[in-house]
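Below is one structure; the comments refer to it alone.
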There are 2 protein chains.
Amino acid sequence: MRKSGSTEVFTSLDDFYQRGDQVYLPHLSVDCAIFGFHENQLRVLLLKWKGGKWCLPGGFIKHKESVDTAAHRILQERTGLTDLYLKQFYVFGDPKREKEKKNSPHWIGKRFISIGYYALVEFSKVQPHPDVFSEACEWFDIDEVPGLIYDHKAIMMKALEALRFDLNDHPVGLNLLPKKFTMPELQRLYETILGESIDRRNFQKHMLSMDILIRLEERKTGGAHKAPYLYQFDKRKYMLALRQGLKLGW
Amino acid sequence: MRKSGSTEVFTSLDDFYQRGDQVYLPHLSVDCAIFGFHENQLRVLLLKWKGGKWCLPGGFIKHKESVDTAAHRILQERTGLTDLYLKQFYVFGDPKREKEKKNSPHWIGKRFISIGYYALVEFSKVQPHPDVFSEACEWFDIDEVPGLIYDHKAIMMKALEALRFDLNDHPVGLNLLPKKFTMPELQRLYETILGESIDRRNFQKHMLSMDILIRLEERKTGGAHKAPYLYQFDKRKYMLALRQGLKLGW
DNA sequence: TATTATTGTGTTTATTGTACACATTGAATC
DNA sequence: GATTCAATGTGTACAATAAACACAATAATA
């Protein structure tokens with residue numbers, strides 16, 4: 001059994017089990033690893049089934065809907081965000097991937113092949129919404145993710161791997177950080193994604209040499225110690241650099 | 001309508017149209033871009049529908065079969081090879097992707113979402129076999145691919161892009177070249193995949209510095225001009241280097 | 001035997017990456 | 001208000017890598 005997004009076309013949950021395949025493609029689902037960055041940590045948004053395990057937000061594809069649109073719809077339902085960075089990264093097609101599933105006669109009890117997406121969101125803008133199958137929707141530090149249903153842990157790890165890979169030529173920083181951020185924050189983002197530490201001074205030199213950052217006059221106050229400058233991305237130069245193949249990674 | 005691999009479980013083609021969904025998952029297909037390297041050119045293996053357009057080899061997923069297994073089965077049927085390098089690279093999920101398709105009542109006339117794989121094969125080992133829907137199965141230079149059915153041209157281009165990307169950390173050379181090859185041949189392979197020319201001397205230096213090549217005593221005779229040395233990959237060191245994150249690309 | 005196009009093997013220079021040092025600053029402490 | 005502390009801002013020296021380039025050797029052809 002799986003979670004769905006909007007059930008408004010159905011009169012009841014039972015109706016959804018009975019007639020779901022009239023609306024959705026059978027045997028196919030979309031699962032999303034939604035990444036955010038908060039308090040210098042990479043986080044992932046998880047759902048908790050009523051009385052059950054945690055899982056990645058997911059849903060199904062309508063009969064005449066593109067897979068990308070389905071993923072956007074699902075993400076919008078879970079986060080409230082319409083404008084987020086979304087990337088398909090892998091298909092999970094092992095017939096035994098849904099270990100705990102009991103073979104029910106419903107369409108939803110059958111085997112599902114899942115198309116994996118990862119999303120990058122600005123943490124502070126997200127309003128987590130549980131779906132009808134869930135009792136909670138919360139952020140988890142990626143190092144503290146609990147046991148997940150089915151192969152969702154593997155999906156999440158693969159998403160993280162894809163993210164690490166994409167750091168070079170996809171707008172990761174731009175989509176995870178707030179408008180204004182400090183150099184140390186940007187560095188922590190890289191470090192948490194790559195899982196390694198980077199020399200502070202070399203990092204700054206490297207980032208500035210790309211000419212995609214604008215240093216503001218402001219500094220970030222409040223913290224102890226010396227107040228760091230605030231930066232923002234020069235979005236035009238950033239996207240141009242990506243198109244021209246500049247490596248934004250480490 | 002699409003091409004299938006083995007139809008041995010069906011009594012006739014009509015039977016396949018009528019009962020295919022009892023064997024295969026509906027709405028799902030696998031398409032493969034099979035790459036080979038011959039006469040210093042990267043090539044792709046295409047099928048020609050009886051009386052129709054050219055297309056990528058493809059097939060369907062059995063109800064209890066993993067997607068990877070399905071792809072291997074399809075490839076084996078088309079090339080005769082059981083042991084080839086295969087990698088899933090993208091899902092094509094636009095409901096309008098099958099432009100020329102007429103909506104027939106059969107399962108096969110419905111919308112299909114296609115999972116794209118690319119394969120790397122040693123050209124000389126392949127015995128191309130048309131399937132039951134095809135009249136021809138031939139290699140094409142990737143710069144001379146004719147118009148393809150549906151979105152298969154886009155799938156092929158995306159496969160090529162994925163291959164270019166994977167050149168760094170996947171065993172591309174090992175799987176595309178014959179056991180023995182010359183340094184110029186290896187270089188042409190890189191150049192044809194990357195679409196750019198590389199300095200001969202720097203290329204050789206770079207490749208040798210990786211310590212994954214064994215130079216044989218033999219030289220390749222027959223050609224005009226100076227006879228080049230033959231090399232082979234040190235498979236153990238090659239795979240070790242990949243696992244350790246050595247960049248084999250350019 | 002001379003020619004030609006290609007291969008084998010360097011060297012030099014420029015660019016990039018790595019390691020490390022020291023001064024500055026803002027809050028907290030005495 | 002001076003001192004301490006932990007973090008930030010800036011810079012320099014060295015190593016490793018990449019790019020540009022030169023010349024000798026060789027196998028078929030003329």
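Order of the sequence lines fixes the chain letters, A, B, ..., with proteins taken first and strands second; residue numbering starts at 1 for each chain. Keep in mind that the numbers below use all heavy atoms, side chains included, and drop hydrogens, waters and symmetry copies.
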Pairwise N/O distances under 3.5 Å, protein to nucleotides 23-29 of chain D:
| unit_1 | atom_1 | unit_2 | atom_2 | d |
| --- | --- | --- | --- | --- |
| D:dA27 | O4' | B:H225 | O | 2.9 |

For A:I198 and C:dC20, give me the distance from atom CD1 to atom P, rounded to whole Å.
17 Å
Begin from the C-alpha positions of A:E138 and A:L45 and carry the test side-chain contact (heavy atoms from CB on, under 4.5 Å) through to its verdict.
CA-CA 6 Å; A:E138 290 173 18; A:L45 194 64; 5.7 Å; no
Expressed in angstrom and rounded to an integer, what is the separation of A:Q187 atom CD from D:dT8 atom P?
8 Å
Is it the case that the side chain of A:R78 and the backbone of A:H129 share a donor-acceptor pair, with hydrogens and angles ignored and the cut-off at 3.5 Å?
yes
Step-by-step side-chain contact (heavy atoms from CB on, under 4.5 Å) determination, B:Y190 to B:E196:
CA-CA 8 Å; B:Y190 271 73; B:E196 61 183 63; over 6 Å; no
For A:M183 and D:dA7, give me the distance from atom CE to atom P, rounded to whole Å.
18 Å
Between CG of B:D199 and C1' of D:dA22 the distance, given in whole Å, is 12 Å
Can you tell me if the side-chain N/O atoms of A:R188 get under 4.0 Å from OP1 or OP2 in D:dA7?
no
Would you please indicate yes or no on a ring centroid separation below 6.0 angstrom for A:F89 and A:F165?
no
Give a yes-or-no answer on whether the side chains of A:R97 and A:Y150 include a donor-acceptor pair shorter than 3.5 Å.
no
Look at the side chain of B:T192 and the backbone N and O of B:R188, then say whether any donor-acceptor pair between them is shorter than 3.5 Å.
no
For B:D94 and A:S66, does a side-chain donor sit closer than 3.5 Å to a side-chain acceptor?
no
Respond yes when some side-chain nitrogen or oxygen of A:Q204 is under 4.0 Å from OP1 or OP2 of D:dT10, and no when none is.
yes
Atom-to-atom span, CD of A:E185 to P of D:dA7 - whole angstrom
14 Å
Counting only N and O atoms by type, is there a donor-acceptor contact under 3.5 Å from the side chain of A:E191 to the main-chain atoms of A:I198?
yes
Between atom CG in A:L216 and atom C1' in D:dG9, what is the gap in whole Å?
16 Å
Expected rows: protein N/O vs nucleotides 11-17 of chain C N/O, under 3.5 Å:
| unit_1 | atom_1 | unit_2 | atom_2 | d |
| --- | --- | --- | --- | --- |
| C:dT11 | O4 | B:K205 | NZ | 3.0 |

Check this for me, if you would: do B:E135 and B:K48 make a salt bridge, where the nitrogen-to-carboxylate-oxygen distance has to be below 4.0 angstrom?
yes
